[in-house]
Structure formats: structure tokens, C-alpha cells
J.: 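First, the structure itself, so that you have it in front of you.
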Amino acid sequence: MKNKNNFYFEESGKIDGLDLDVKLLNGKRKKEHLDISLNHDVNFKKITSGFENYSFIHQALPEIDLNEIDLSIDIFGKKLSLPLMISPLVGGIEETGEINKDLAKAATICGIAMGVGSQRAGLEDFEVKKSYMVRDIAPDILLFSNLGAVQLNYGFGLKECNKSIDMIGADGIILHLNSLQEAFQTEGNHNFKNLYLKIKDISRTLKKPLLIREVGFGISYDVAKKIISTGISGIDVGGAGGTSWIEIEKIRSKNEILRRVAESFSDWGIATAESLRMVKKAVDEKSIKKQENRICIIASGGIRTGVDAAKAIALGADMVGIALPILKSISVSIDQCVDYIKEIEAGLKIAMFGIGALKISELKNTKFLKKLN
Ligand SMILES: Cc1cc2nc3c(=O)[nH]c(=O)nc-3n(C[C@H](O)[C@H](O)[C@H](O)COP(=O)(O)O)c2cc1C
């Protein structure tokens with residue numbers, strides 16, 4: 001049945017009036033997302049991550065030894081060799097099980113964190129649970145579960161969040177906010193009402209840390225303030241400037257009108273650097289007011305180099321997340337993925353050398369990052 005008020009929206013699980021098996025639909029969508037991301041240009045066309053608007057003031061006399069620079073951080077009870085996580089990517093179809101396992105191997109080798117892709121399929125279909133499980137090969141990594149926050153309006157609640165964590169032995173769960181992505185799917189979940197209160201309820205009772213993230217359109221100051229007040233443990237800004245879900249859905253869509261509408265949204269989103277500034281302001285205000293522990297900030301969306309990572313940390317991030325370049329490299333080999341992560345590591349380290357920062361805490365508090373113009 002079509003929604004009378006919307007000429008193109010279809011009920012979830014139905015395409016062109018045909019009842020399709022929801023599992024098949026989810027699997028087909030995931031496969032299409034993966035294929036499109038790997039084989040098309042899905043970058044934002046008009047927005048950049050915004051890190052190019054910042055530059056470090058070079059310190060010719062750093063007074064430190066490059067080899068003594070320590071990139072490690074302690075976060076959510078785990079020690080990382082560098083402040084990097086593999087952003088949530090895949091799971092839910094059989095072929096992605098191997099990708100998650102390979103990503104977990106790379107994460108173990110490099111000492112970084114990892115999130116799995118949305119576990120909705122794993123909760124609905126016992127057979128695909130395995131595609132998210134990586135603890136057998138990566139027992140110690142900082143590992144995050146993932147679900148769409150909108151699922152809280154479609155039958156999921158605290159129980160499903162805890163089940164997702166248990167399913168993979170995760171250290172916490174990240175709920176993603178993806179309103180625009182869903183809006184550009186005719187079969188998407190379009191009801192984003194009352195999620196704030198539902199997130200608040202879960203945050204109070206969940207057994208592990210709860211984090212909230214955007215998937216590439218950024219978190220504004222007002223939204224950050226609101227979600228911080230729910231008592232969550234972390235925010236991933238998921239800003240614009242890297243992979244664009246509107247580009248992905250535009251390629252996927254068979255709906256001519258939606259494709260044209262997508263064109264007009266090519267400048268929609270808060271650039272990652274800008275969103276990071278807004279989220280940091282909201283986090284700092286809360287920590288000062290309540291004298292509470294500062295919640296964790298993750299910067300993702302278009303982070304492509306170690307210098308981007310260094311700028312993100314200097315702007316207030318505790319850790320950065322990278323998705324598509326890591327997916328592309330792991331689809332070649334684990335070695336290629338490890339090389340890419342090492343490239344980020346080397347860039348971050350040399351950037352710190354360039355401003356004389358010996359530790360991540362010093363980079364965070366540096367006075368040597370300036371906004372251009
Ligand atoms: C194929 C693919 C699948 C993704 N699946 C998820 C997901 O299930 N959950 C989620 O929170 N983000 C998901 N993302 C979004 C990424 O985690 C990330 O926010 C986005 O790609 C922007 O980061 P990037 O510019 O480094 O690619 C996915 C991204 C890609 C490319």
C-alpha cells in the first residue's frame with residue numbers, strides 16, 4: 001500500500017506493490033551498497049571535509065625525537081596503538097562475513113578499533129549472525145556493535161541493543177542516525193519521531209556504553225546538545241565531505257524523480273571539521289557545567305590522510321574513523337589494508353613531529369592549528 005501523502009514512498013519490504021521477503025530485500029540492499037561503494041565515485045560532489053581550511057603552524061625546532069612519539073590512547077577500557085577506528089561497514093550477508101573477519105585481522109595487527117555494520121539483519125535472521133562475529137580472531141580489539149537508531153521505531157529496543165552487543169562480544173554499541181539516507185530509499189524507514197526519548201531510555205539502562213553517530217551529514221550543535229543530554233558515552237560526528245549516501249542511493253534508485261531530487265541535495269550536510277567544532281562546543285559546555293567526565297568524540301567522514309586525522313584531533317576528536325578507503329583496501333587484501341592504516345599512522349606521526357607534539361594529549365591541546373582566512 002502506498003502512503004497517500006507521498007507519491008514515491010513504498011511500504012518497507014514492498015517494491016512496486018509486490019510483497020518481497022524482507023530478508024531478501026535487506027540482503028539485496030546491502031549487496032548493492034557494497035557494490036556501488038566499491039565501483040562508483042560516491043564522494044560528495046560539492047562538500048569537502050573542511051580540514052583543508054585548517055593548517056598547522058610548522059615548528060622548525062620541535063625539540064622531540066620522531067621515534068619517541070607515542071600515538072597510543074586509552075579509550076573505553078582498551079588501549080589503542082593509534083587513535084583510529086574502522087567505521088561501521090558491513091555484515092548481514094554471507095559474503096560480508098569474510099570482510100569483517102579480514103577487517104578484524106587488520107585491526108588486530110594495527111592495534112585499532114572497529115565497528116561492524118548494522119546488525120539488524122543478524123537480529124532478524126539467525127543464519128547471517130555469523131557475518132558479524134570476529135571475536136574468535138580478534139579477542140582484544142575495541143569492538144562496537146551497530147544498529148540504526150530509527151529501528152527503535154520499528155520494533156527494536158533495549159533488548160535488541162543488548163542482543164547485538166552479545167552477538168559479537170562488543171565493548172559498546174553505536175546507534176546511527178541516517179535520516180537522509182532513509183529518505184532517499186523508497187523502501188526506507190521514514191519515521192524518525194520520538195527517537196530522542198527512546199535513546200534516552202536505552203542510554204540509562206544499557207549494560208555497555210552507548211554512542212550515537214551520523215553516517216555522513218554531520219551532527220549540529222543543537223543535535224549534539226540534545227543527544228549529550230541523554231547520557232550517552234560518545235558521539236561520532238559522521239560529517240559530510242567523504243562518502244555520500246545520497247550519491248550511493250542516487251545510483252541505486254530506480255525512481256527517476258528521486259534521482260533528480262538527489263542532485264539538488266549535493267551540497268547538503270555539515271562538513272566534518274565544522275560538525276566537529278559544533279560537537280566539541282556542546283561537549284565542553286556539558287563537561288564544564290556538570291563537572292562530569294567528558295564524553296568521547298569521534299571524527300569521521302572524509303578523513304583520508306594522517307594530516308586530516310591530526311587536524312581532527314587538534315580540533316577536539318579523541319579518535320578518528322575511516323570507512324570507504326579501508327573497505328577498498330581490504331577488498332584487495334589484508335596487507336593492502338594494513339599498509340593504508342600504516343600510511344595514516346605515519347602521516348599522523350610526522351604531523352605531530354612538525355609541531356613538536358610527543359603525545360596525543362599534546363596534539364589535542366596544541367596552539368599550532370590555525371584556521372585559514
Ligand atoms: C558500504 C558501506 C556500508 C556502510 N554501512 C554502515 C552501517 O551499517 N552503519 C553505519 O553506522 N555506517 C555505515 N556506513 C557509513 C560509514 O561508517 C561512514 O560513516 C561513511 O562511509 C563516511 O565515512 P568515509 O568518508 O570514511 O567513507 C557504511 C558505509 C559504506 C561505504
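In listed order, ligands and their atoms are each counted from 1. Note that the structure is a prediction, hence the values are computed from the model and not measured.
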J.: Applying side-chain hydrogen bond (donor to acceptor under 3.5 Å, both in side chains), name anything that partners Asn146, two or more places apart in sequence or on another chain.
T.: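 His176.
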J.: Taking distance alone, with no angle check, do Leu89 and ligand 1 share an N/O pair under 3.5 Å?
T.: yes
J.: Could you list the atoms of ligand 1 found under 4.0 angstrom from a heavy atom of Gly242?
T.: 25 (O)
J.: Got the closest protein heavy atom to atom 28 (C) of ligand 1, with its distance?
T.: Trp245 CZ2, 3.3 Å
J.: Step through the shown structure and confirm whether more than 12 heavy atoms of other residues, nucleotides or ligands are within 6.0 Å of CD on Glu98.
T.: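 No, CD of Glu98 has 12 or fewer neighbouring heavy atoms, counting only those of other groups under 6.0 Å.
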J.: State whether Lys207 and Asp166 are salt-bridged, where the test is any N-O pair (Lys NZ or Arg NE/NH1/NH2 against Asp/Glu carboxylate O) under 4.0 Å.
T.: yes
J.: Looking at Lys28 and Glu32, does any basic side-chain N land under 4.0 Å from a carboxylate oxygen?
T.: yes
J.: Are there over 12 heavy-atom neighbours, none belonging to Glu127, within less than 6.0 Å of that residue's CD?
T.: no
J.: Please collect all ring pair (Phe, Tyr, Trp, His ring centres under 6.0 Å) contacts where either partner lies in residues 256-285, sequence neighbours excluded, each pair once.
T.: Phe184-Phe265, Phe265-Trp268
J.: For atom 31 (C) of ligand 1, tell me which residue out of Gly238, Pro325, Ser37, Pro88 has the closest non-hydrogen atom.
T.: Ser37
J.: Look only at interatomic distance and state if Leu327 has a nitrogen or oxygen under 3.5 Å from any nitrogen or oxygen of ligand 1.
T.: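 Between Leu327 and ligand 1 (N or O atoms, distance only) the closest approach is not under 3.5 Å.
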J.: Show which atoms of ligand 1 fall inside a sub-4.0 Å distance from at least one heavy-atom site of Val215.
T.: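 So the answer, numbered in order with elements, is 11 (O), 12 (N), 19 (O), 20 (C).
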J.: Kindly check if the number of other-residue, nucleotide or ligand heavy atoms within 6.0 Å of NZ (Lys226) is above 12?
T.: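 Counting other residues, nucleotides and ligands, NZ of Lys226 stays at 12 neighbours or fewer.
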J.: Show the atoms of ligand 1 that are less than 4.0 angstrom away from any heavy atom in Asn146.
T.: 7 (C), 8 (O), 9 (N), 10 (C), 11 (O)
J.: Based purely on interatomic distance, does Ala323 place a nitrogen or oxygen under 3.5 Å from a nitrogen or oxygen of ligand 1?
T.: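 Yes.
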J.: Relative to atom 22 (C) of ligand 1, which among Ile326, Thr243, Leu324 owns the nearest non-hydrogen atom?
T.: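 Answer by nearest heavy atom: Thr243.
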J.: Closest non-hydrogen protein atom to atom 8 (O) of ligand 1, residue and atom name please, with distance?
T.: Ser118 N, 2.8 Å
J.: What are the atoms of ligand 1, with element, lying closer than 4.0 Å to any heavy atom of Arg304?
T.: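 Near Arg304, meaning under 4.0 Å from one of its heavy atoms, ligand 1 has 24 (P), 25 (O), 26 (O), 27 (O).
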J.: Within a 6.0 Å radius of atom CD on Glu94, are there more than 12 heavy atoms belonging to other residues, nucleotides or ligands?
T.: no
J.: Looking at ligand 1, does any of its N/O atoms fall within less than 3.5 Å of an N/O of Lys30?
T.: no
J.: Taking Glu263 first and then Arg260, would you say they form a salt bridge - that is, a charged N and a carboxylate O separated by under 4.0 Å?
T.: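 No, this pair does not count.
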J.: Mark up the atoms of ligand 1 that fall under 4.0 Å of a heavy atom belonging to Arg213, in ascending order.
T.: 10 (C), 11 (O), 12 (N), 15 (C), 16 (C), 17 (O), 18 (C), 19 (O)
J.: Restricting to non-hydrogen atoms, name the atom on Gly91 and the atom on Lys30 that form the minimum distance, rounded to 0.1 Å.
T.: O-CD, 3.1 Å
J.: Report yes if Ser87 has an N/O atom closer than 3.5 Å to an N/O atom of ligand 1; otherwise report no.
T.: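 Min N/O separation from ligand 1 is not below 3.5 Å for Ser87.
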J.: With a 4.0 Å cut-off on heavy atoms, is Gly216 in contact with ligand 1?
T.: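 Not so, Gly216 does not reach ligand 1.
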